[in-house]
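Comments concern the structure below.
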Amino acid sequence: PPPAPAEPRGARRASARACTVSGPCRCPPSGARRRRWHAGAAIGRGGGEAAAAMGNTLRSHDNLRAIRGWSKDQIKASIEALRTKASVFRLTKDDFARYFGGRNREVISLFNDLDTDADGLVDIFEVFTMLTLWSGTGWDDKQAILFGLFDLMGKGFLKIDEVLLMGCVIVRTLGKFMTLDESRYHEEEVKRLAHGAIPPHETRLTLEQFQLWYRKCEPLEDLRGHIEDHAARSAPNLVSSQMRVRIGYVEDFSAKLFDRIQRLQDRLPDFADACVDYVAAWGRRKRWDFVMQNLRQLILKLHHVSESMHVAYIDLETALNEDEASGGMAVIIAPQKRFRQEQTIRDLDKMRQESLTDYWEATDLLQRLIELTEPSEVQIGQGFSTMEDGLNAIAEDEAEGVMDMSPPRVAEFRKVMRRIHADMSADSQEGGAFYRAELSSEPA
């Protein structure tokens, strides 16, 4: 930059001690704000004042990581308790710790960051603006939360004074965690933006109109870019990663279980209709009905288990995704979440062990049903004198040295069920999804 013009002796003496940038300087006159401005200029050298407009964080910005885990529902519940029902406007440090500290004591440091005048009180709107902007919720949800927060009477729309209040609170809150270019974020500019949010010839701003204006408002988009660029970046949470390993088997297991049981359930009614008279002719009807009833009960039970495992897996996967998105802060703020996750994993392991036993039993029962449709050597020697005339049409099939003479429909569906049983048996062998040795081992 060109050299600074000569100044009278003693001019800007106090600020010169803080100024380390050569050349003409347009930094703020006060010492603390000047130092923040120059810190931003030093970081954004080459970008200069544009970098100092937004994006140069203060030391207090690091404390915001403590609230990344706040969810939309938690913020709304706090607003409901402190604004809608109690109409609280300011909080003491003890109140702040009680409502927002929880088990994460790092949040308390944010009280000191907000309490810039050191009077022991913080503005409730600043608190909720901070929570909303730097939480891990989506931007559409953040817009809706801010809209509801500044809709003071719950009208469903904002008036100009409420929009102006929102703008002033946002700028005031931002200034406590980052440097701002005063040429862009001064009071008159905030008023101009607030009036520009209200559609022409109207006196109110609906949520849809607010969200549309938000997307077109350059300072707010700059804010979004800043928060996303400086969001907490950390290595994947070790506990969450270990949980993912522990539940890695669930999705494939539940899908395979559902597929096998659904295939059996689809074929079983036709198999029963085709064979029930034939089995009765051999005098095996009571055993057939008993085995069939037990098999159907197991099928219903396994269907229920596979669906329950799938739903629990999806819920747990969603919770782990939220945990990782918050940098692990979600379970610090609400430690009961981790307890629920651990309990879900234990429930999944228990359902898996029970379903393995039921699956093997269903495989054995299916084998018994198939055997009941096969004539024994003694009965074949006696002939078919006791069978009904409608069963005299036979199909010959050699099996294990015994001549099988069964009606064609019986032989056809028996063959289908044998294939299903063979697949289910293969699943129970070593390398299969339902390997019998798995009962005493950990999930893969």
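Source: prediction; values computed, not measured.
In the displayed structure, H421 atom NE2 is contacted under 6.0 Å by more than 12 heavy atoms of other residues, nucleotides or ligands. More than 12 heavy atoms of other residues, nucleotides or ligands shown are found within 6.0 angstrom of NZ on K176. For CZ of R204, the number of neighbouring non-hydrogen atoms (other residues, nucleotides, ligands) closer than 6.0 Å is 12 at most. Around atom CZ of R267, no more than 12 heavy atoms belonging to other residues, nucleotides or ligands sit under 6.0 Å away. When the shell of 6.0 Å around NZ of K155 is examined, it contains more than 12 heavy atoms from other residues, nucleotides or ligands.
Checked for salt-bridge contact, R418 and E374 meet the test: a charged N lies under 4.0 Å from a carboxylate O. With respect to R260 and D427, a salt bridge is recorded, a charged nitrogen being found less than 4.0 Å from a carboxylate O. Salt-bridge check for R285 with D289: passed, with a basic side-chain N closer than 4.0 Å to an acidic carboxylate O. The pair R409-D273 does not count as a salt bridge, with every side-chain nitrogen at least 4.0 angstrom from each carboxylate oxygen.
Within the 4.5 Å cutoff, the side chain of L264 has heavy atoms near those of the M424 side chain. You'll find the side chain of M130 stays beyond 4.5 Å of the side chain of D113, heavy atoms only. Under the 4.5 Å side-chain criterion, counting only non-hydrogen atoms from C-beta, F89 is in contact with R83. A 4.5 Å side-chain heavy-atom check between D123 and R172 finds at least one atom pair inside the cut-off. With contacts defined as side-chain heavy-atom distances shorter than 4.5 Å, the pair V279/T373 qualifies. Taking the side chain as every heavy atom from C-beta outward, S308 and M351 approach each other to under 4.5 Å. At a threshold of 4.5 Å between non-hydrogen side-chain atoms, the residues D119 and R90 count as touching. Taking 4.5 Å as the limit, every side-chain heavy atom of T92 sits out of range of all side-chain heavy atoms of F96.
Judged purely by atom type and a 3.5 angstrom limit, E162 uses its side chain to pair as donor or acceptor with the backbone of K159. In this structure, Q209 contributes its side chain and T206 its backbone to a donor-acceptor pair below 3.5 Å. The backbone N or O of L158 sits nowhere less than 3.5 Å from a side-chain atom of D151 that would complete a donor-acceptor pair. The main-chain N or O of E80 is never found under 3.5 Å from a side-chain atom of K85 such that the two would form a donor-acceptor pair. Within the 3.5 Å criterion, the main-chain N or O of R352 finds a donor-acceptor partner in the side chain of S355. At least one donor-acceptor pair closer than 3.5 Å links the side chain of R284 to the backbone N or O of L372. In this structure a side-chain-to-backbone donor-acceptor pair under 3.5 Å is present from D115 to G120.
Nearest approach of A86 to A81, heavy atoms of both residues: CB-O, 3.4 Å. What you find for V410 and A274 is that their closest heavy atoms are CG2-O, 3.2 Å. Residues L205 and A197 share a closest heavy-atom pair of CD1-O, 3.2 Å. Of all heavy-atom pairs spanning V190 and G167, the tightest one is CG1-C, 3.8 Å.
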Q) Going through the checks in order, is the salt bridge (charged side-chain N to carboxylate O under 4.0 Å, His left out) test met by D95 and R98? A) CA-CA 5 Å; D95 291 335; R98 181 167 62 254; 2.5 Å; yes

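With F128 as the fixed residue, the ring pair (Phe, Tyr, Trp, His ring centres under 6.0 Å) test singles out one of F100, Y99, W134, F150: F100.
For W288 and F271, the gap between ring centers is short of 6.0 Å. Taking the ring centroids of F253 and F434, they lie under the 6.0 Å cut-off.
Taking the six-membered ring for Trp and thresholds of 30 and 60 degrees, F210 and W213 have ring planes inclined between 30 and 60 degrees apart.
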For residues 292-304, which side-chain N or O atoms pair as donor and acceptor with protein atoms under 3.5 Å away, sequence neighbours left out?
from: N294; atom 1: ND2; to: F290; atom 2: O; distance (Å): 3.4
from: K301; atom 1: NZ; to: D358; atom 2: OD2; distance (Å): 3.2
from: H303; atom 1: NE2; to: Q262; atom 2: OE1; distance (Å): 3.2
from: H303; atom 1: NE2; to: Q265; atom 2: OE1; distance (Å): 2.8

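Looking at R340 and Q343, their side chains never bring a donor and an acceptor atom within 3.5 Å of each other.
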